[in-house]
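Throughout, protein chains are lettered first and strands after them, A, B, ... in sequence-line order, and every chain is numbered starting at 1.
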2 protein chains.
Amino acid sequence: MDSVFKALSDPHRRDILKILKKGDLSVGEIATHFDFTGATLSHHLDILKRANLVVTERRGQFIFYSLNTSVLEDVLLSFSSFFSQ
Amino acid sequence: MDSVFKALSDPHRRDILKILKKGDLSVGEIATHFDFTGATLSHHLDILKRANLVVTERRGQFIFYSLNTSVLEDVLLSFSSFFSQ
DNA sequence: CTAATATTTAGACATTCTTCTAATTATCGA
DNA sequence: TCGATAATTAGAAGAATGTCTAAATATTAG
């Protein structure tokens, strides 16, 4: 759970998750939304992946990232019980 | 919202919130749950306060901290819409 | 096979974060 | 009022974080 909170603590990473809500995107497509380098984006994606918030799938030259919806639901439940109850 | 995510990114601060769920506590009482110094605790409490996650009230010598429940509910709602929809 | 494109990895640097000790402020009890 | 207790503030040190450039890896097209 720690890695999830850490992952969500950066605004750029939260933006990435929001962008992925609309559908899977390749790294290059995600990159068009930001000003920093590909290396930096790669680093953010790695942190999201380690937190299990996203999953990847290679399709030819491209690597597509998508939300790991089941984990996101778990996270939300976890948040609920964290705050209430 | 950024300050909230930042505040929640530290495990000790999340522990503090959990402890406060049981009821208001003075700084000294909160301190009994942790190993670090009072100065460090004070710093964590300051971050939680700036994020509006807790509120304070002086009672004589003591300063009591309690959860800012209305903001916590907002945060949870915000999280929900962040993940779903 | 080679060149081009997509992405990640390595290494460096500046900033931010967590923690500490020491000093300061606030309040109470005698 | 003074000393003791409670909490915060100031300043410093080391670790972690976000970012960059350059190099490496993977895949496709010709």
Side-chain angles (χ1 to χ4, degrees), chain A residues 1-68 75 82, chain B residues 1-68 75 82:
Chain A
M1 207 61 205
D2 199 64
S3 61
V4 171
F5 279 101
K6 273 280 191 296
L8 294 174
S9 71
D10 182 85
H12 286 150
R13 289 194 290 267
R14 295 198 300 276
D15 288 340
I16 291 171
L17 293 178
K18 275 182 202 146
I19 290 166
L20 290 178
K21 273 200 271 186
K22 296 167 199 151
D24 305 6
L25 290 177
S26 69
V27 177
E29 289 169 327
I30 298 170
T32 65
H33 294 79
F34 300 97
D35 285 337
F36 44 69
T37 66
T40 296
L41 175 56
S42 210
H43 175 240
H44 285 310
L45 292 172
D46 184 54
I47 288 171
L48 290 172
K49 197 173 175 182
R50 284 175 197 277
N52 244 305
L53 291 168
V54 299
V55 294
T56 61
E57 181 196 350
R58 181 178 274 278
R59 294 181 209 154
Q61 270 171 297
F62 306 92
I63 296 179
F64 282 78
Y65 278 74
S66 50
L67 296 183
N68 188 348
V75 169
F82 177 73
Chain B
M1 207 61 204
D2 200 64
S3 61
V4 171
F5 279 101
K6 271 281 189 294
L8 294 174
S9 71
D10 182 85
H12 286 151
R13 288 194 290 267
R14 294 198 300 277
D15 287 341
I16 291 172
L17 293 178
K18 277 183 202 147
I19 289 167
L20 290 178
K21 273 199 271 186
K22 296 166 199 153
D24 305 8
L25 289 178
S26 69
V27 177
E29 288 169 327
I30 298 171
T32 65
H33 294 80
F34 300 97
D35 285 337
F36 43 69
T37 66
T40 296
L41 175 56
S42 211
H43 174 242
H44 285 310
L45 291 172
D46 184 54
I47 288 171
L48 290 171
K49 196 172 175 181
R50 285 174 196 278
N52 246 305
L53 292 167
V54 299
V55 294
T56 61
E57 181 197 349
R58 181 178 275 276
R59 295 183 209 154
Q61 269 171 298
F62 306 91
I63 296 178
F64 281 78
Y65 279 75
S66 51
L67 295 182
N68 188 349
V75 169
F82 177 73

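When the C1' atom of C/dT5 is taken as reference, atom CD1 of A/Ile63 falls 13 Å away, rounded to whole Å. C/dT27 atom P lies 15 Å from atom CZ of B/Phe64, rounded to whole Å. Atom CZ of B/Arg14 is separated from atom P of C/dT18 by 11 Å (rounded to the nearest Å). Protein atom CZ of A/Phe5 is 16 Å distant from nucleotide atom P of D/dT17, rounded to whole Å. Atom CZ of A/Arg59 is separated from atom P of D/dT28 by 13 Å (rounded to the nearest Å). Put simply, CD1 on A/Ile30 is 9 Å from P on C/dT8, counting in whole angstrom units. Between the C1' atom of D/dT21 and the CG atom of A/Leu41 lies a distance of 16 Å, rounded to the nearest Å. D/dT17 atom P lies 17 Å from atom NE2 of A/His12, rounded to whole Å.
For B/Arg58, there are no side-chain hydrogen bond (donor to acceptor under 3.5 Å, both in side chains) partners, not counting sequence neighbours.
Among D/dG18, C/dT7, C/dT5, the nucleotide with an atom closest to any side-chain atom of A/Gln61 is C/dT5. For A/Phe62, counting side-chain heavy atoms from C-beta on, the closest listed nucleotide (C/dT7, D/dG18, C/dC20) is C/dT7. Residue A/His43 places its side chain closer to D/dG18 than to any other of C/dT5, D/dG18, D/dC20. When each of C/dT21, D/dT8, C/dT9 is scored by its nearest atom to the side-chain atoms of B/Leu45, the top-ranked nucleotide is D/dT8.
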| request: Begin with the C-alpha distance, continue with both residues' side-chain angles, and end with the deciding distance and a verdict on side chain to side chain contact (heavy atoms under 4.5 Å, CB included) for A/His12 and A/Phe36. | output: CA-CA 10 Å; A/His12 286 150; A/Phe36 44 69; 3.4 Å; yes
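Side-chain N/O atoms of B/Arg13 include one lying less than 4.0 angstrom from OP1 or OP2 on C/dT18. The phosphate of D/dT8 (OP1 or OP2) has a side-chain N or O of B/Tyr65 nearer than 4.0 angstrom. Proximity of B/Thr37 to the phosphate of C/dT19: no side-chain N or O atom is located under 4.0 Å from OP1 or OP2. Using a 4.0 Å cut-off, no side-chain N or O of A/Arg58 falls inside it from OP1 or OP2 of D/dA26. Using a 4.0 Å cut-off, no side-chain N or O of B/Thr40 falls inside it from OP1 or OP2 of C/dT19. Neither OP1 nor OP2 of C/dT7 sits under 4.0 Å from any side-chain N or O of A/Ser42.
Residue contacts for A/Asp10: at a heavy-atom cut-off of 4.0 Å it reaches the sugar-phosphate backbone alone, with no base atom in range. Using a 4.0 Å heavy-atom distance criterion, A/Phe34 is classed as making no nucleic acid contact. Among the atoms of the strands shown, base atoms are found under 4.0 Å from some heavy atom of A/Gly38.
The backbone N or O of B/Ala39 lies less than 3.5 Å from no partner atom in the side chain of B/Ser42, so there is not a single donor-acceptor pair. The backbone N or O of A/Val54 lies less than 3.5 Å from no partner atom in the side chain of A/Lys49, so there is not a single donor-acceptor pair. Looking only at distances, no side-chain donor or acceptor of A/Arg50 sits under 3.5 Å from a matching main-chain atom of A/Ala7.
Note that CG of A/Leu41 is 8.0 Å distant from OH of A/Tyr65, once rounded to the nearest 0.5 Å.
Ranked by how close their nearest DNA chain C nucleotide is to the 5' end, B/Lys6 and B/Gly60 are led by B/Lys6. Along DNA chain C, the nucleotide closest to A/Asp46 and the one closest to B/Phe36 are compared, and the more 5′ of them pairs with A/Asp46.
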